[in-house]
Amino acid sequence: MSPAAIKSEPEEDNGFYPSPHHKNSKREYDDEEWDIKPKKKTKDKKVTEGKKAKKEEEEKWKWWEEERYTDGSKWRFLEHKGPVFAPPYEPLPGNVKFYYDGKPMKLSALAEEVATFFAKMLDHEYTTKDIFRKNFFKDWRKEMTSEEKSKITDLNKCNFSEMNEYFKAQSEARKQMSKEEKQKIKEENERLLQEYGFCIMDNHKERIGNFRIEPPGLFRGRGDHPKMGMLKRRIRPEDIIINCSKDSKHPKPPPGTKWKEVRHDNKVTWLASWTENIQGSIKYIMLNPSSRIKGEKDWQKYETARRLKKCVDRIRNQYRDDWKSKEMRIRQRAVALYFIDKLALRAGNEKEEGETADTVGCCSLRVEHIKLYPKMDDQEYVVEFDFLGKDSIRYYNKIPVEKRVFKNLQLFLENKQPEDDLFDRLNTSILNKHLQELMDGLTAKVFRTYNASITLQQQLKELTCPDDSIPAKILSYNRANRAVAILCNHQRAPPKTFEKSMQNLQTKIDEKQNQLSAARKQLKAAKADHKASHDEKSKKAVEVKRKAVQRIEEQLMKLQVQATDREENKQIALGTSKLNYLDPRISVAWCKKYGIPIEKIYNKTQREKFAWAIDMAEKDYEF
DNA sequence: TTAATCACTTAGCAACACGAGA
DNA sequence: TCTCGTGTTGCTAAGTGATTAA
């Protein structure tokens, strides 16, 4: 028995909240069941009919009907072939030259390789940035021979353009390859995938997410990253730690090399790892989202969010109460939590200064990131947020808050400099410890999941018209999805081709409109004709024309809907919320309820990731 | 208590693949 | 058959949060 039930029991506010569960014929786990055991165990079907059947079986393995590990172990058996390494460096042909100070200069292999990284990026804005150039040059020099080092002292005197053109020509040539050549490459990739892209975990063949080691290159951080341009070094077998089970066939390192270590840790899910040289962080090779190990975790995440749904009222009352606390730390905690809940802000761990771009989340907000307006237009107590969040995406929002929150913020700001922390008595660890006491498994990010999913559900209810056509319903879905993306601030750069593609679509719409008027005219003529002659033939003609008009009307509407959808989506990315925040069972239920094919909402990859939800959720599923 | 380490999720972008239309 | 545009996939950076070490 997990501590869940024990720990949360005395905290549970009233214990008689209505159950959101509908008992279906299909199984539906709720959180109480999550930590205990599944209702039934699927028989591990024995497959005796040979490989094809076995493959079929694997594809349809319903891990969500099986028992889960309760001892913290992630697997019993793990076997894989190890990672695929980046291809070795191929020196440039002799006629492709590097020039220093106007004179051709032959570089050593190592220095040349690093030079090519820069040369390949010449068209990119990065290479014009001071920090990028400085970091690159510093790391490049480390790879030079002492002779090269003494000669090459100024990046501005380096001319990489011949190299740059060579690579452009190469990629052009790749595009121009014959069908057969392309096919050959495809087959080779497929072979590699078959050999290295899968592992055996507990009797099942599972897809690996990233079995290729990241190739060397220049580090590209996001935003104003102090380390942009640094050399990301080549990873060798000697850098790799392999994780697999003792009794498996261990992966073989490439001939003449050794792994750094082979270990057998079934408390973790990764198959291989290495330490990256820019931040010194560890990178992992892990399974695909369709795998049992990722799917279970994902499912569990949504169950935790659903448990929050049951006690969120209590928690909200609690933090509203805490706005009045005598203790500063409690007030800060309560205001921060209010932002996390209301605005779906991220927790905001502190970061090491100078190591990464200057970005913040809720707990790490600084005075300079908010502005207070006692009055703004017709609203009172408005807070303006303006800061860079994850991936240096700007968060900008003006929202009216409750008077108490406003007064507290004024208090927090007293005697502080712009660069001081807004919540100086708070960090994510304090906040999460508090949340843990309010609900088992509760952390700051659960609020994002909860608010995203509940918003989708609400919006779908509000926006879907049962009598709408399928495209119109899908527009409603996308709008609901968009509401979530806006809440979570999931932005994207407007696609480079946006304007043009909008124009193209408009052209299509105009054409369709013309077509429609023409078709209508024809229908009218046919009707007149029929009225005059009253014969069978003309009656048929009317029918045919009527159908044509109808078809064109539908096509036109579809195009118009598409245009609306695209316009509204210009700067908003729907993918992130769809993949990470929205309980897929809400979408599945919606599809079932309105007869929308699931393929219209989830593509193949997404259907694989959400197979558990697609199998599990019925039309009356409630988040 | 704080800092470092580790494991894992979340994120946007660029390259790629593929089908529709020229 | 080629080109173009779009959806898909891969890549890997950048977060969160638990655990461990100092």
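Below, chains carry the letters A, B, ... as their sequence lines are ordered, and counting in each starts from 1. This structure is a prediction, so every number in the text was calculated from the model and none was measured.
Within the 4.0 Å cut-off from OP1 or OP2 of dA18(C), not a single side-chain nitrogen or oxygen of T443(A) is found. The side chain of K301(A) places an N or O atom within less than 4.0 Å of a non-bridging phosphate oxygen (OP1 or OP2) of dT10(B). Side-chain nitrogen and oxygen atoms of T576(A) include at least one within less than 4.0 Å of the OP1 or OP2 phosphate oxygen of dG12(B). Here Y581(A) reaches the OP1 or OP2 of dA11(B): one of its side-chain N or O atoms lies under 4.0 Å away. An OP1 or OP2 oxygen of dG15(C) is reached within less than 4.0 angstrom by a side-chain nitrogen or oxygen of T359(A). Not one side-chain nitrogen or oxygen of R222(A) sits closer than 4.0 Å to the OP1 or OP2 atom of dG15(C). Contact annotation: N349(A) side-chain N/O to dG15(C) OP1/OP2 distance is not under 4.0 Å. Here H490(A) reaches the OP1 or OP2 of dA11(B): one of its side-chain N or O atoms lies under 4.0 Å away. For the pair N210(A) and dC11(C), the criterion of a side-chain N or O lying under 4.0 Å from OP1 or OP2 is not met. Remark: R448(A) is in phosphate contact with dA11(B), judged by side-chain N or O atoms under 4.0 Å from OP1 or OP2.
Minimum atom distance to the side chain of K283(A) is reached by dT12(C), of the listed dT12(C), dT8(C), dC8(B). When distances run from any side-chain atom of E214(A) to the nucleotides dG12(B), dC8(B), dT12(C), the shortest one goes to dT12(C). Of the candidate nucleotides dT16(C), dA14(C), dT12(C), dT16(C) has the atom nearest to the side chain of K445(A). Listed nucleotides: dC8(B), dA7(B), dA18(C). Nearest to the side chain of N432(A): dA18(C). Picking from dT12(C), dC6(B), dT9(B) the nucleotide with the shortest atom distance to the side chain of K294(A) gives dT9(B). Listed nucleotides: dC13(B), dA11(B), dT9(B). Nearest to the side chain of M286(A): dT9(B). Of the candidate nucleotides dC13(B), dA11(B), dA13(C), dA11(B) has the atom lying nearest to any side-chain atom of R346(A). Nearest nucleotide to the side chain of V268(A), out of dG17(C), dA7(B), dG10(C): dA7(B).
Side-chain to base pairing of K390(A) with dT10(B): one donor and one acceptor N or O lie within less than 3.5 Å of each other.
For the pair K205(A) and F198(A), the cation-pi test (distance below 6.0 Å, angle within 45°) is passed.
Counting non-hydrogen atoms under 4.0 angstrom, A444(A) reaches the backbone sugars and phosphates but no base. Here P215(A) lies in heavy-atom contact (under 4.0 Å) with sugar-phosphate atoms only. Within 4.0 Å of S281(A), counting heavy atoms only, lies no atom of the nucleic acid at all. Residue contacts for Q491(A): at a heavy-atom cut-off of 4.0 Å it reaches the sugar-phosphate backbone alone, with no base atom in range. Backbone-only contact: R207(A) has heavy atoms under 4.0 Å from sugar-phosphate atoms and none from a base. Among the heavy atoms of the strands, none lies under 4.0 Å from G361(A). Here K74(A) lies in heavy-atom contact (under 4.0 Å) with sugar-phosphate atoms only. Contacts of K175(A) with the nucleic acid, taken as non-hydrogen atoms under 4.0 Å apart, are absent. K351(A) comes within 4.0 angstrom of the backbone, heavy atoms only, and of no base.
Between D265(A) atom CG and dT20(C) atom P there is a gap of 11 Å when expressed in whole angstrom units. Atom OH of Y284(A) is separated from atom C1' of dA7(B) by 5 Å (rounded to the nearest Å). Rounded to whole angstrom, the span from the CZ atom of R263(A) across to the P atom of dA7(B) amounts to 7 Å. Straight-line distance from the CD atom of E125(A) to the C1' atom of dC13(B): 14 Å, rounded to whole Å. When rounded to the nearest whole Å, the span between CG of L579(A) and P of dG15(C) equals 19 Å. The distance between atom CD1 of I282(A) and atom P of dT20(C), rounded to the nearest whole Å, is 14 Å. Rounded to a whole Å, the CD atom of Q279(A) is 15 Å from the P atom of dT12(C). Protein atom CG of D224(A) is 16 Å distant from nucleotide atom C1' of dA13(C), rounded to whole Å.
The distance from atom CG of L231(A) to atom CD of E113(A), rounded to the nearest 0.5 Å, is 8.0 Å. The line from NZ of K260(A) to OG of S273(A) is 7.5 Å long, rounded to the nearest 0.5 Å.
The heavy-atom pair separating I454(A) from K309(A) by the smallest distance is CD1-CE, 3.9 Å.
Two residues are said to be in side-chain contact when any heavy atoms from C-beta on lie closer than 4.5 Å; W259(A) and D239(A) fail this criterion.
E90(A) CD: 12 or fewer foreign heavy atoms inside a 6.0 Å radius. Counting non-hydrogen atoms of neighbouring residues, nucleotides and ligands closer than 6.0 angstrom, the CD atom of E353(A) reaches no more than 12 such neighbours. For K182(A), the NZ atom is densely surrounded, since the number of other residues' heavy atoms within 6.0 Å is greater than 12.
Between G209(A) and D391(A), the residue anchored nearer the 5' end of DNA chain C, judged by the nucleotide with its closest heavy atom, is G209(A). With DNA chain B read from its 5' end, the first of the two nearest nucleotides for H124(A) and K186(A) is the one closest to H124(A). Taking the nucleotide of DNA chain C with the nearest heavy atom to each of N288(A) and F219(A), the more 5' of the two is matched to N288(A). When each of E350(A) and I393(A) is assigned the nucleotide of DNA chain B with its nearest heavy atom, E350(A) is the one assigned upstream, toward the 5' end.
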